[in-house]
Every structure is written in C-alpha cells, then in structure tokens.
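Scroll down for the structure; my scribbles are underneath it.
Worth knowing before you read on, the calculation uses all heavy atoms, side chains too, and leaves out hydrogens, waters and symmetry mates. Just so it is clear, the structure is predicted and the values come from calculations on it, not from any experiment. Proteins come first, then strands; the chains are lettered A, B, ... in the order of their sequence lines, and each starts at number 1.
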Number of protein chains: 4
Amino acid sequence: MGRVRAMARPRSTAADSAILDATRATLVELGWPKLTMGHVAARAGVAKTTLYRRWPSKSALVVDAVAILFDELELPDRGSLRGDIEGVVGSFATLLERPETKTSLMAVVAESTRDPALRVHIREAIVQRQKHLVQEGRDRAQRRGELTSAPHPGTAARQVDLIFDVIAGAVVHRALVSAEPVDGAWTTMFTELLLGGLSSLDEASDSASAY
Amino acid sequence: MGRVRAMARPRSTAADSAILDATRATLVELGWPKLTMGHVAARAGVAKTTLYRRWPSKSALVVDAVAILFDELELPDRGSLRGDIEGVVGSFATLLERPETKTSLMAVVAESTRDPALRVHIREAIVQRQKHLVQEGRDRAQRRGELTSAPHPGTAARQVDLIFDVIAGAVVHRALVSAEPVDGAWTTMFTELLLGGLSSLDEASDSASAY
Amino acid sequence: MGRVRAMARPRSTAADSAILDATRATLVELGWPKLTMGHVAARAGVAKTTLYRRWPSKSALVVDAVAILFDELELPDRGSLRGDIEGVVGSFATLLERPETKTSLMAVVAESTRDPALRVHIREAIVQRQKHLVQEGRDRAQRRGELTSAPHPGTAARQVDLIFDVIAGAVVHRALVSAEPVDGAWTTMFTELLLGGLSSLDEASDSASAY
Amino acid sequence: MGRVRAMARPRSTAADSAILDATRATLVELGWPKLTMGHVAARAGVAKTTLYRRWPSKSALVVDAVAILFDELELPDRGSLRGDIEGVVGSFATLLERPETKTSLMAVVAESTRDPALRVHIREAIVQRQKHLVQEGRDRAQRRGELTSAPHPGTAARQVDLIFDVIAGAVVHRALVSAEPVDGAWTTMFTELLLGGLSSLDEASDSASAY
DNA sequence: CCATAATCGAGACGGTACGTCCAGTCTTCTG
DNA sequence: CAGAAGACTGGACGTACCGTCTCGATTATGG
C-alpha cells in the first residue's frame, strides 16, 4: 500500500513495559507528587526523550501504568446479588488502598479537569474498561431472577452508568475524601442501600417508560 | 490568668480575607495548576511570607478558600424527600461546575493522600461541615413520616455518613471522573435509586439490630 | 538652647555592650556572611528595633564591634626600629587570624566601596585610630637616631600615611588575598625591605623638598 | 583511549562568554551588592540553572568575570626600574577605580575567607596570574644592572611574592581602605620607598644566605 | 504621683534573592 | 532513524533576611 520505506530502527517494545514497571515502582516508593519523568527514565534505563516520544505527559504515562491494575477487579459468583456487590466493593477498596492507586488516581483526575485529551484517556482506559463488571453483575442477577431486564436498551445502559458512578463514587469518597475505612460494616450497609435502590429502579423502569 | 503573650504586632485580619479572595479569583482565572503562591500574594497585595506564615501549603490555602463555597449549599423544603434530594443534588452539581471547585477539589484530595494534616483539614472544613445537610433532610423526612428514626443513635450517625458518601461520591464521580453531565434525567434516576435504598435501610434498621 | 524637654526613657547602656559582645561572639561562631541582625538581637536578648535605633546597618554595627579589637595592637619598645616593625607586623598578623576580624574586615571594606558614610566610619574607627602606632615608631626611631625628622610637617604626615598603607596593606594582602602565612621568614624579609625603604625616604626628604 | 564520555549535548561555549559579559556589565551598572544571579542570567539570555551548573556561587562567577580585566596590566619599558614601578602602580590604581573591580574585588576576598575553594580560585585566577609582572620587572632591572639576581632560586621566588604583596597590598589599602587617591605624589613617594627596600633586599641576599 | 514620651521585647509585614527542582525541548553522538 | 545522555529555557518552589511597622509594657522625668 502506502509503504514506501521501513528501514528505520523500530521502537523497543521491551522499553514500554520497563517504563510502565518503573512508573508503578516509583509510585509505590515516592508517590505521585515526587514521581518525576527523570526518575522514571533513570529507573527504566531509558532516556527522557523516549518517554516523551511515547506519552505526551506525566499524567498520561501514569494513567497507562495504573490502568492495568484495575483489571485485577473481578466478579466471582457468590451466589447472590448481595454477595456479588459486597465482593466487588471489597476488592475495589483493597485496590484503592495500594499506594500506586491511592496517590495517583485523584491526581490524574484532577489534572484531567483541565486537559480534555487526558479526560478521554482516563475514561477509555479506566472507566469504560471496568463497566463490564456492572453489566456482568446485572446479567447474573437477571439470570437468578433477582432483577428484571430493562424494557429499553438505552435505559439499561443509563442504569449501568449510574450504578457504576454510585459504587465507584461512594467507595472512592469514603476512602479518599472522608478518609474513613471501607470495612465490613460499611460495606454491608452500603450494599443494603444499593440493593434497595436497584429493586426500586427495577420496578420504576418496569411500570413507567420514563427512563 | 489566661494571658500568655499579647505584646507583638497582631496578624492583619484584613489580609486573611484579601488572600482568600485573591485565591478564589485566581482559581477562576487560571485554575488550580497555574495558581502559584507568588501570584496569589501579588494579587492580594501581600508578601509571599505572609501566606506561608498562615498556611503550610498551596493546598491548605485552597481548601480554606473553597470551603466557604460549600456553605452555599442549602436544602430548601420542596415538600417531599424526593424533591429535597433532587434539589441538593442539583445544587451540588452546579457547585462542581464552577471553575473554582472543579479544578481544585480533586487536586487537594489527591494531595491529601500523602499529607495527613491536609486530610484532616479537608474533613473538617468541607466534609463534616456539610453533613448537616443530610441530617436535616433525614429529620424533615421523619417529620413528614417518610422515614422512621434509627433505633440506635450510632446507627443513625453511620447512616448519615454513608448517605453523604453516596450522594457526594456519585455526583463527583459522574461529574469529574466519568465526565458526563449531571442533568435532570440522571438526577431523577439517581434519586429513585437513593429513595429505594433509604427505605431499605429504614426497614433493615427497624427489624434487625445489626447496624 | 534648643533643649525643651528631656523626660523620656533613656537608652539602656547595658544593651550597647551586650549587643557588641553578641556581635563578636556571632562573628566567631558563624562568620560575617551568616551573621544576621536577627541573630545578634536574639543573642543579645534585645529586639531588632533596638539595633536599628543605634546602628544604621549590619556593617556599621560590625565596624564598631571589631574596631576595639584593633586597640589591642601595641608597640612595645624592642630597642630598635627593626624590632619594633617586626613586633607590630607579628601582632597585626595575629589579629588578622582571629575569626572575628578575618571574616569581617574585608567584608565591611567591600561594603564601604558603595557607602560613603560607612567609608568614613571605617576610616575614623579603625584606620586613623591606629596610625598613632606608626607615629610612635617613627618618633622612637628618631630619638634613637635611626631616622631624622622630615623637614616639613606635611611631608611627615604623608610619610606616616604611606607607611601605614604599606604595612597594613602588605600584611592584609599576604594573609587574606595571597592567603599565605605571615610567618617569621616573611616578616623578616618584609622588615628588611621596609627598613631600606625608610632610610631611602629619609635621605630623599632630607635633600629634596619634593615631598 | 582518553575518550570516556562524549555522547551528550555539550555545554554551549557561547553561553560562557555571554554570561561573563553580562556579569561585567551588571557590575558596572549596579555594583556587586545588587548583582544577582537572576539578573545576570536574564541579561545573558540564559536560565539561572545554567549559571549554577557552571559556577558554584556568585563569587566564583565574579572572580572569573573580573580576572581577565587584570590581564590588561602591562609593564611597558620606561627605561628604569623607577619608571617601571611608577607605571605599574599607576595602571593598577586605574584598574581599581573601575566600578567592576572596585566594588567586587574586596567582596570576593571577603567571601573567600570562609570558602577555601574560592580562595584557591582567586589565587590562581588573579594573584598567581599577575605575578609575572613582578618577575618581568626584576629581570629587566637585572639586565640594566639596577639589581643583582638572588643567590638562590627559592629566595628569588619568595622575594617576588613579597614584592607583589607589598605593591598590590599598599595600592589596594590606599585606594579602598584608607580611601585616598593614588595620585602622582603618593606614587612617587611609594616608589622611592620601594626602590630603597629593593636595594636593601638585594644587598642582604647578597651577603647573607638567610633568605 | 500622675502624665508624658521615648524606649523596650516581640514579632508581623512587604520585599527581594536565594539555590533547588522539575517539565518538556533540543542537541550531540552511538548503534 | 531510534535511542542514551544530558544540557537547555523557563518558572515555581519554600526559605531566609532585610529593614520597617505596630503592638502592649516598661521606665524615667517634669509638673
């Protein structure tokens, strides 16, 4: 096709993972505010130039380095919607306690309020990427008969978005803003609240076509 | 008796408000990342030294400057718990859209993950200070007969904390992380979910003494 | 005359010497560059205001604090002009080795190149105040017959000035600029040179009226 | 063989001279006390970082900037030792009247009393570098038969050091400490004294092996 | 024996420069 | 060309002093 010349030195693929590893290691040791591009480069055995050739900024680099940590979140079948919710809340809380995520998640979000490209990057690499968890939980609950499916596909998608914001938002707020532990008692109470809310949504979307 | 030391020149109270005003104005114009201590000092007609004599860091200063904006949140009686919730969600969303808060709230929270003193500062100046809104909403709903009071005072306090984290967390996550609008449709759906959750909590705390 | 009223609180005389002592002590410990007005004030148990009420600047204060150290210079009669010169050179060198003088003499001179008032202050408090040493040495040598008196008083005064500049200048330059020790060998050689110069001046001013 | 590292971007040589030029220009305009690193950097069109990468302090920078001015000192052959001395004293006095040198020479010397590295720097860049003037004058006088050569090389070197300290010290002391003009009358009298001293040294080193 | 007035310790104030640090870019040479 | 090395501009950082100021408290003397 358009391929004219291809004789240049290709980018080292090994470097990519070395850089992301170094980024995470530095986040653990020094935290976001003390993480510098120079530090990461030195630790990865790479020149700063190489970093900037692949990521536009420190924030974008950290988003990629942290994003894959969120892939650890799973939704093992605990037999009931209540169990599934409690499980995912617990594993999310555990994730937020790790130094890599704790010090950098809010930082990149803060940065993103001024940088649209970064905002998109976060949404794609973290938010949208994890929404399947909510969808899976819903599907499983429907199969168990705990919930009914929404009458309209659009409504279902909006509900997934909402539930994701409620779970993620509440846990993050509890852990990082209120700065109180996301322990068993809190998780139980939160799950109770969420279950009641879900069945309420279920009935409402059943009867009315408002959503 | 209580007099220990009162001989030196007292701190100018006028400077305090000038600094906070300048901080807010600079946040509006330049946003958090471009706000510098030097800039604020110059704008307030004050020396940088004076800033550092009163606030230990840029973050602490911004917390104080922004905290009073949260006092604008009110809970006008709309006649029903549903209306009250929709009202407070709307006004919180509006607050989060203001440039002063949007660019700085997440930034100071991010900073606080590494600075315990700042974490306490945020909790006292913003979080605890606004929890009365949830309490008021609950009391009003109880008076209306929409909710019953919790059997134990400790349970009630924990419920207030939870509800605050759910509301604030969900709205903040929707607005700043998912970066989608907190519009009427979302608010209605969220309120539906929350109302269902509240009545569920109500019944649970009624029957069981688990909480 | 103009005296109308004199009922105010007088300045504490004790403070003066406490301040000068503190200044010297701080010079010994920290040296000129790290000596600050605040430090001296604190050490003297005095407010900064009090310092500035009495001395216009750090330099002026140090000049006064150091000036009296130069009063230690003496000219004990060693029986010959050669001995007298070697003696005064040695004691001057010893004085310049003390940390109070070493670190501050050049500093105040440097400052004085930009501050005429300070220049006058140094000249009066240090330079002119020690010229009597040269005069005494000359007088003594004349009484011994080692030198003859200058034919004109003005010539004598100019010679005293010159000799003072030569001795003080050479020793200071050796000690502080060349930064080599003013030891016995150097002193002997310098004294030989100066003696030869003095007799040369003596003959010249005898025969010619040029000076 | 000698190649150890030569892969990085080399330091700009243009920057060096731009910085030194800016330093001298600033010394002329503002004098030593008002010269700041920031000012010099801005004037040289260079970042402050670049200054600190090359010179450890303001003093070290000024030493280099001023040192080459001393290279202007020359010793034109005026036909006699007397003439040569009067000539070099005059040109040294002229040099000390320039604002660059007047305000900064004593300042760096003062600083050097606390900073051994700076002391060495001054000795090498200014003192040792100009001693050839004394050596030249001596050599020339010997060729003319005005002086004889010292019997031992070590003695000759010590005499050169001494003469340098006497000339430089006396002129500097007259000009900057006593703060009186180094005019023709003073120069004539000083030269008379020095000539007498030199012949005295000459005879002494001839007869005795003390030196 | 009180009123007056300058002094005192304390420390906040506006300024200015410091020397450090990092972001992001540029320039060199090597593979 | 990609990459390592590291110099470069630019700008904010937080600190340290300067010399001035504003306090309330402390002495002296003159009336």
May I have the distance from [X] (atom [atom1]) to [N] (atom [atom2]), rounded to whole angstrom?
X      : N      : atom1 : atom2 : result
A/E111 : E/dA23 : CD    : C1'   : 11 Å
D/K34  : E/dA17 : NZ    : P     : 9 Å
B/W55  : F/dC13 : CH2   : P     : 15 Å
D/R11  : F/dA5  : CZ    : P     : 17 Å
C/L61  : F/dC17 : CG    : P     : 16 Å

Fill in: First encountered from the 5' end of DNA chain E, between A/S57 and B/S12
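Closer to the 5' end of DNA chain E: B/S12.
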Practice prompt. Could you check A/P33 against B/P10 and say which one's nearest nucleotide on DNA chain E is further toward the 5' end?
Written response: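 Its nearest nucleotide being more 5', the pick is B/P10.
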In Å, rounded to the nearest 0.5 Å, how long is the span from [atom1] of [X] to [atom2] of [Y]?
X      : Y      : atom1 : atom2 : answer
D/S112 : D/R119 : OG    : CZ    : 6.0 Å
A/K102 : A/L176 : NZ    : CG    : 8.0 Å
B/R98  : B/L69  : CZ    : CG    : 5.0 Å

Worksheet, complete the sentence: Given Watson-Crick and G-U pairs under 3.5 Å, DNA chain F in dot-bracket ([ ] crossing, | other strand) is |||||||||||||||||||||||||||||||
Nearest heavy-atom neighbours spanning [X] and [Y]:
X      : Y      : value
D/A15  : D/S12  : N-OG, 3.0 Å
D/T113 : C/T103 : OG1-CA, 3.5 Å
B/I126 : B/V63  : CD1-CG1, 4.4 Å
A/A44  : A/A18  : CB-O, 3.8 Å

Show me, pair by pair, the donor-acceptor contacts under 3.5 angstrom made by side chains of residues 24-43 of chain C, not counting sequence neighbours?
from	atom 1	to	atom 2	distance (Å)
C/R24	NH1	C/A65	O	2.7
C/R24	NH2	C/D21	OD1	2.8
C/T26	OG1	C/A22	O	2.7
C/E29	OE1	C/R43	NH1	3.4
C/E29	OE2	C/R43	NH1	3.4
C/E29	OE2	C/R43	NH2	2.8
C/T36	OG1	C/H39	N	3.0

Fill in: Any A/R53 side-chain nitrogen or oxygen under 4.0 Å from OP1 or OP2 of F/dA2
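Checking F/dA2 against A/R53, no side-chain N or O comes under 4.0 Å of OP1 or OP2.
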Worksheet item: Does F/dG3 have OP1 or OP2 sitting under 4.0 Å from an N or O in the side chain of A/R54?
Response: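 A/R54 to F/dG3 OP1/OP2: side-chain N or O found under 4.0 Å.
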Item to complete: Mark yes or no for a side-chain to base donor-acceptor pair under 3.5 Å between B/R9 and E/dC13, with no hydrogen or angle criteria applied.
Response: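 Counting by modelled atom types and ignoring angles, no donor-acceptor contact under 3.5 Å is found here.
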Discussion item. With the threshold set at under 4.0 Å for non-hydrogen atoms, list the residues of residues 35-52 of chain D touching DNA chain F in residue-number order.
Written reply: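 Going residue by residue through residues 35-52 of chain D, the ones with a heavy atom under 4.0 Å of DNA chain F turn out to be D/G45, D/V46, D/A47, D/T49, D/T50.
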Discussion item. Side chain of A/K58, heavy atoms from C-beta onward: which of E/dA23, F/dA7, E/dA12 has the nearest atom to it?
Written reply: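 Of all the options, the side chain of A/K58 is nearest to E/dA23.
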Fill in: D/D64 and D/H121: side chain donor to acceptor below 3.5 Å
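Yes.
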